[in-house]
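Working notes, beginning with the structure itself.
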Amino acid sequence: MKKLLAFIAAAGFSLSAFAAPEVYVIDGSHTFPRFEYTHMGFSTQQSRFNNTTGKVTLDRAARTGAVEVLIDTKSVDTGSTLFNSHIQGEDFLDTAKYPVATYKSTKFNFDGDKLASVEGNLTLKGVTKPVTLTVTSFTCAPHPMLQKKDACGANATAKIKRSEFNAGKYAPAVSDDVTLTFAIEAIKQ
């Protein structure tokens, strides 16, 4: 009986170690938060941020996780130097005062084994609001370019109103509705 209990205890310990959360560091060369909005009804403008850091903690067996993304707002890239400085100004991102935007999750939601959405808080321009990201793709696998080191990647979207973050200048001519898209890759530590 003692051997059976010892085996069960050892197996339980092994299973809990196997199901332990794994930490992944965001790969800044493959992670680009983007935003898009309509411009005076003429076109949909798409821009991105070039410098992003953070980490993802994932326990696939327990279907839980956490993500923290830090976005360098001064790295905004509209495709135009003039518009970059305009978006960085006080009326929009106010990067002199708020050089970092953050997204911190509060809950991962799974549909079976598939990550379906992430609930969390977006802090932009000193204002924090709840934002749920809908996950459109999610993959974890050995990375072929990094000697098979484990990596995870995801795409997720959400809609926000920029006026709720004190950045509503020119609305509605420049749409108040903004679509956020997070394209994230992270490498297991």
Side-chain angles (χ1 to χ4, degrees), residues 13-36 46-77 87-88 93-95 97-160 164-165 167 178-189:
F13 176 75
S14 296
L15 288 175
S16 65
F18 177 76
E22 299 172 317
V23 176
Y24 297 78
V25 172
I26 288 178
D27 175 1
S29 63
H30 291 96
T31 299
F32 299 102
R34 298 184 311 265
F35 61 97
E36 64 181 61
Q46 298 176 333
S47 301
R48 76 178 198 181
F49 296 96
N50 292 327
N51 297 325
T52 304
T53 59
K55 70 177 182 175
V56 177
T57 304
L58 182 64
D59 187 334
R60 286 181 269 184
R63 293 186 182 111
T64 61
V67 63
E68 180 176 3
V69 178
L70 293 89
I71 302 165
D72 174 1
T73 57
K74 290 183 178 185
S75 73
V76 67
D77 186 349
I87 297 259
Q88 289 183 41
L93 296 176
D94 197 2
T95 61
K97 191 171 181 182
Y98 304 103
V100 177
T102 62
Y103 183 81
K104 293 181 183 179
S105 68
T106 55
K107 183 179 180 187
F108 276 29
N109 298 306
F110 283 79
D111 181 7
D113 289 333
K114 181 181 169 189
L115 181 61
S117 65
V118 177
E119 297 174 32
N121 294 306
L122 175 66
T123 301
L124 180 64
K125 207 173 173 183
V127 177
T128 302
K129 297 277 184 186
V131 171
T132 298
L133 299 170
T134 300
V135 177
T136 58
S137 69
F138 178 75
T139 302
C140 291
H143 197 292
M145 302 296 288
L146 300 173
Q147 288 88 30
K148 305 288 185 181
K149 196 169 190 175
D150 286 346
C152 290
N155 290 316
T157 63
K159 291 197 184 277
I160 64 167
E164 292 180 353
F165 294 91
V178 174
T179 300
L180 302 177
T181 302
F182 287 86
I184 293 178
E185 290 189 21
I187 310 302
K188 185 177 174 186
Q189 296 306 290

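Just so we're clear, the structure is a prediction, and the values are computed from it rather than from any experiment.
- Taking CD of Q189 as the start and NZ of K149 as the end, the distance is 5.5 Å to the nearest 0.5 Å.
- Between atom CG of residue L180 and atom CD1 of residue I160 there is a gap of 4.5 Å, rounded to the nearest 0.5 Å.
- Across T53 and I26, no two heavy atoms sit closer than the pair O-CD1, 3.9 Å.
- Formation of a donor-acceptor pair under 3.5 Å by the T57 side chain with backbone atoms of Y24 is not found in this model.
- Under a 3.5 Å cut-off, the side chain of T136 and the backbone N or O of N155 do form a donor-acceptor pair.
- With sequence neighbours excluded, the residues forming a side chain to side chain donor-acceptor pair (under 3.5 Å) with K159 are T179, listed by chain and number.
- A donor-acceptor pair under 3.5 Å is absent between the side-chain atoms of T123 and the main chain of A101, judged by distance alone.
- Of the possible polar contacts, none joining the E119 side chain to the S117 backbone as a donor-acceptor pair under 3.5 Å is found.
- Counting heavy atoms from C-beta on, the side chains of V67 and V56 come closer than 4.5 Å.
- By the neighbour-count criterion of 12 heavy atoms within 6.0 Å, atom NZ of K125 is densely surrounded, having more than that number from other residues, nucleotides or ligands.
- When all heavy atoms of A154 and F138 are compared, the pair lying nearest together is CB-CD1, 3.8 Å.
- Note: L124 CG to T102 OG1 = 9.0 Å, rounded to the nearest 0.5 Å.
- Proximity of a side-chain donor or acceptor of R63 to a complementary backbone N or O of G112 within less than 3.5 Å is detected.
- The two residues A66 and S105 have their closest heavy-atom pair at CA-OG, 3.2 Å.
- Taking 4.0 Å as the cut-off between side-chain N and carboxylate O, E164 and K129 do not count as a salt-bridged pair.
- Side-chain atoms of S75 come within 3.5 Å of backbone atoms of D72 as a donor-acceptor pair (strictly under, hydrogens ignored).
- When all heavy atoms of Q46 and E36 are compared, the closest pair comes out as NE2-OE1, 3.1 Å.
- For the atom pair CZ (R34) and CZ (R48), the distance works out to 8.5 Å, reported to the nearest 0.5 Å.
- Of the inter-residue distances, the one linking S137 atom OG with I184 atom CD1 reads 10.5 Å to the nearest 0.5 angstrom.
- How far CG of D111 is from CG of N109: 10.0 Å, rounded to the nearest 0.5 Å.
- Within the 4.5 Å cutoff, the side chain of T73 has no heavy atoms near those of the V100 side chain.
- Heavy atoms only, all atoms of each residue included: I71 and V69 are closest at CG1-CG1, 3.9 Å.
- Contact check for N121 versus T128: side-chain heavy atoms found under the 4.5 Å cut-off.
- The main-chain N or O of V131 is found under 3.5 Å from a side-chain atom of Y103 such that the two form a donor-acceptor pair.
- You'll find the ring centres of F32 and F182 outside the 6.0 Å limit.
- Between K188 and E22, at least one side-chain N (NZ, or NE/NH1/NH2) sits under 4.0 Å from a carboxylate O, which counts as a salt bridge.
- Of the possible donor and acceptor atoms, none in the side chain of T181 sits under 3.5 Å from a partner among the backbone N and O of T157.
- When all heavy atoms are compared, the tightest approach of F108 to L58 is CE2-CD1, 4.1 Å.
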